[in-house]
Enquirer: 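Pasting a structure below so you can have a look.
These numbers were taken from a predicted model, which means no experiment stands behind them.
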Amino acid sequence: QLSAQQIFDEFKANEAAANKKYLDKAIEMTGEIAEVNKNQDGNIVVNFKTNDPFFVINCTFKTNPGQLKTGDTITFKGICTGYIPDANVVINEGVLVK
């Protein structure tokens, strides 16, 4: 189990090592919600805060997690699908743990 900040720090420090560790693997992550949106498929997408104001952990839920709002701290489980330098880490197929 990781924090959004830990995942961000690992990818920023060494993308190749972080890809080897997390890419296409299920990870459980806890973090503070920066933003809640819907994507073009109608799925809920949550951006988690990091200490970099321009960088978020982008998590897409496979089922509706219910009421989530900016500032909530939640735990999320999903599959890490990649890193976009200077933008975000992408996690898909997510479910709300708590």
Enquirer: Dump the intermediate steps for side chain to side chain contact (heavy atoms under 4.5 Å, CB included) on K12 and T50, then the final yes or no.
Expert: CA-CA 11 Å; K12 192 170 181 183; T50 68; over 6 Å; no
Enquirer: Tell me if a side-chain donor or acceptor on N88 pairs with a main-chain N or O of V90 at a distance below 3.5 Å.
Expert: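 No: the side chain of N88 does not pair with the backbone of V90.
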Enquirer: Keeping the roles fixed (side chain from Q5, backbone from N51), state whether a donor-acceptor pair exists under 3.5 Å.
Expert: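 The answer is yes, because a donor-acceptor pair under 3.5 Å joins these two groups.
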Enquirer: Scan N37, N47, N39 and name whichever one has a side chain to side chain donor-acceptor pair (under 3.5 Å) with N58.
Expert: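 Only match with N58 under side chain to side chain donor-acceptor pair (under 3.5 Å): N47.
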Enquirer: At their closest point, which heavy atom of G31 faces which heavy atom of A4, and how far apart are they?
Expert: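 Nearest heavy atoms, G31 then A4: CA-CB, 4.4 Å.
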Enquirer: Ignoring hydrogens and angles, tell me if any N or O in the side chain of N19 forms a donor-acceptor pair with the backbone of L23 under 3.5 Å.
Expert: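 Pair absent, no side-chain N/O of N19 close to backbone of L23.
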Enquirer: Who else is in the cluster with L2 when I, L, V, M, F, W and Y are joined by side-chain contacts under 4.5 Å?
Expert: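 Members other than L2 - counting any ILVMFWY side chain reachable under 4.5 Å - are I7, F8, F11, Y22, I27, M29, I33, V36, I44, V46, F48, F55, I57, F61, L68, I74, F76, Y83, V89, I91, L96.
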Enquirer: Would you find more than 12 non-hydrogen atoms of other residues, nucleotides or ligands less than 6.0 Å from K69 atom NZ?
Expert: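 Not buried by this count: 12 neighbours or fewer within 6.0 Å.
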Enquirer: Write down the atom of Q1, the atom of Q6, and the distance for their closest heavy-atom approach.
Expert: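 Shortest heavy-atom contact: O-OE1, 4.5 Å.
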Enquirer: What residues, two or more places apart in sequence or in another chain, satisfy side-chain contact (heavy atoms from CB on, under 4.5 Å) together with K77?
Expert: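 Checked K77 against side-chain contact (heavy atoms from CB on, under 4.5 Å); matches are E28, V95, V97.
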